[in-house]
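For reference, the structure is listed below as structure tokens.
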2 protein chains.
Amino acid sequence: MQSYSKKVSMTVVKRLPKYYQYLSDLSDRDVEKISSKELANMMGLTASQIRQDLNSFGAYGQQGYGYKVEELKDAIRDILGLNQPYNCVIIGSGNLGRAISHYERFKNEGIHIKAMFDVDHGRVGKTVGKIPVYHMDDLEQFVKENEINICILCVPREVGQEIANRICKIGIKAILNFVPLDLTVPEDVVVENVNITDSLFTLTFLLSEK
Amino acid sequence: MQSYSKKVSMTVVKRLPKYYQYLSDLSDRDVEKISSKELANMMGLTASQIRQDLNSFGAYGQQGYGYKVEELKDAIRDILGLNQPYNCVIIGSGNLGRAISHYERFKNEGIHIKAMFDVDHGRVGKTVGKIPVYHMDDLEQFVKENEINICILCVPREVGQEIANRICKIGIKAILNFVPLDLTVPEDVVVENVNITDSLFTLTFLLSEK
DNA sequence: TAGATTGTTAATCGATTAACAATC
DNA sequence: TAGATTGTTAATCGATTAACAATC
């Protein structure tokens, strides 16, 4: 496991998943080495930026050669925290929750979705793929018994904050939040928002600009 | 309709949907005026930043008073291009496509989802909510006959680029892309990516940092 | 008028790009 | 050794913060 000391800026962190994706693809195609220039062309960045980014966490290539794909990929995977497994629950078994439960990539990277929760008795007791759907009443107990550390929140806006409160109370420290709401959480809980409507509005802006 | 001349930076544009959300909520609660300071507190920004942002497109408040919520909300709505309606198709009627077809907010803002397309004969011919699901073979004709200007892409990675090519060929100029792939499109086509896996990896980074 | 808050300029900070010596 | 490409420093650019005069 590669260790790194320097602080990685959030700007760089936001680019890391993309680096990881490209390096994984290169690795799958058995490409062994890549230069910052080649990678920049592929990703639409500058070579300079890539070298700065990679240096910000100390990953190093070889002068006159480039970067070893496998090595760099593994270094970035470690920095993203993907060198350890995570246990995850999805709250809300609607279409969005179900869509996410099918993401193959999650399981491949050691992110295991253990259960889904819902209040709809028509859904509770069934399974989605191989994932069981339980009633919200059983959330607290399940989280404690299964060492859950990530919660994916796919509930209606009206109950978003309320459920976030419950989640934080049980000790979950990370929320992937699909609710279009800025959740208020204790400062030791990290939240990453996915706001599909915001993305659409950015798109209409770009479209109407032309 | 408010007109604006200065160029708005992408950094600001990415914040506009959030401003719009907060101002809509204030408006719903019949709040008439807001100061940059109050809004900053609510949104977790600085008052200075808010004033700079709003000034970058010429929206103005009143010195000594603040901003009129309704007026500012409408100005931002116009800048986001939401003063005109859009016709939209969703490609891929899996869980993700279906989830998005249920977003009430889209319709409220004049973004009309006219149809969904799929290759699965088990899905074609049915409806999702009130939205019909057609076969991909009928895509070209439907787009032409219904003045579609936005496409929401929810297909498997393997066929993402191929379908993007088809979309661009018919003349659609905007794609909301859920496929974890950097699409190659003509330069007059705008693409906004939503990458759920990338968001999750940002989350695991933040979680493992602690 | 006095108080509040904007619009706007200046100062600071951080991110990107350019350049090049180090070195494989 | 010559060529390539990194790591890293310096220069530039852009975004955020601070400060304050303008003015409602």
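The chains referred to below are lettered A, B, ... by the order of the sequence lines, with proteins before strands, and numbering in each begins at 1.
- In this structure, of dT8(D), dA18(D), dT5(D), it is dT8(D) that holds the atom nearest to the side chain of Asn55(A).
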* Structure fact -> Pairing string of DNA chain D (Watson-Crick or G-U wobble, both atom distances under 3.5 Å; | = paired to other strand) is ..||||||||||||||||||||||
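- Nucleotide dT6(C) holds its P atom 11 Å from the CG atom of Leu72(B), rounded to whole Å.
- When side chains are defined from C-beta on, Thr184(A) counts as touching Gln161(A), because their heavy atoms get closer than 4.5 Å.
- If you take CE of Met10(A) and P of dA15(C), they are 12 Å apart, rounded to a whole angstrom.
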* To do: Tell me, with the steps shown, if Phe117(B) and Phe142(B) meet ring pair (Phe, Tyr, Trp, His ring centres under 6.0 Å).
  => CA-CA 10 Å; Phe117(B) 290 85; Phe142(B) 186 90; 5.6 Å; yes
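- For Ile34(B) and dA4(C), the CD1 to P distance is 17 Å, given to the nearest whole Å.
- Looking at Gln63(B), its side chain comes within 3.5 Å of the base of dT6(C) through a donor and an acceptor atom.
- Nucleotide dA15(D) holds its P atom 13 Å from the CG atom of Leu16(B), rounded to whole Å.
- Whole-Å rounding puts the Leu45(A) CG to dA15(C) P distance at 15 Å.
- For the 3.5 Å distance criterion, the side chains of Gln21(B) and Asp25(B) qualify, holding a donor opposite an acceptor.
- Evaluated for a side-chain contact (heavy atoms from CB on, under 4.5 Å) with Ile91(A), the options Val155(A), Ile152(A), Val179(A) yield exactly one hit, Val155(A).
- Between Tyr67(A) and the phosphate of dG7(D), there is a side-chain N or O to OP1/OP2 separation shorter than 4.0 Å.
- Listed pair Ser9(A) / dA15(C) meets the phosphate criterion, a side-chain N or O lying under 4.0 Å from OP1 or OP2.
- At whole-Å resolution of the value, CD1 in Ile50(B) and C1' in dA15(D) are 15 Å apart.
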* Report the C-alpha distance between Asn87(A) and Asn149(A) in whole Å, list the side-chain angles of each, state the deciding distance to 0.1 Å, and finish with yes or no for side-chain hydrogen bond (donor to acceptor under 3.5 Å, both in side chains). => CA-CA 6 Å; Asn87(A) 292 325; Asn149(A) 34 30; 5.5 Å; no
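- Across dT6(D), dT17(D), dT17(C), the shortest atom-to-atom separation from the side chain of Gln49(A) is found for dT17(C).
- Counting heavy-atom neighbours within 6.0 Å of Lys37(B) NZ, excluding the residue itself, gives a total of 12 or less.
- For dC24(D), neither phosphate oxygen OP1 nor OP2 lies less than 4.0 angstrom from any side-chain nitrogen or oxygen of Gln62(B).
- Across the protein-nucleic acid pair, Tyr60(A) atom OH and dG7(D) atom P stand 10 Å apart, rounded to whole Å.
- The cationic atom of Lys33(A) (NZ for Lys, CZ for Arg) does not lie both less than 6.0 Å from the six-membered ring centre of Tyr67(A) and within 45° of the ring axis.
- If you check every strand for non-hydrogen atoms under 4.0 Å, Thr46(B) touches sugar and phosphate atoms only.
- Along DNA chain C, the nucleotide nearest Gln52(B) and the nucleotide nearest Ser36(B) are compared for position; the residue whose nucleotide lies closer to the 5' end is Ser36(B).
- If you check every strand for non-hydrogen atoms under 4.0 Å, Thr11(A) touches sugar and phosphate atoms only.
- Nearest-nucleotide mapping onto DNA chain C: of Gly64(A) and Arg51(A), the residue sitting toward the 5' end is Arg51(A).
- Atom CG of Asp53(B) is separated from atom P of dA15(D) by 10 Å (rounded to the nearest Å).
- Here the side chains of Val69(B) and Glu32(B) are not in contact, with every heavy-atom distance at 4.5 Å or above.
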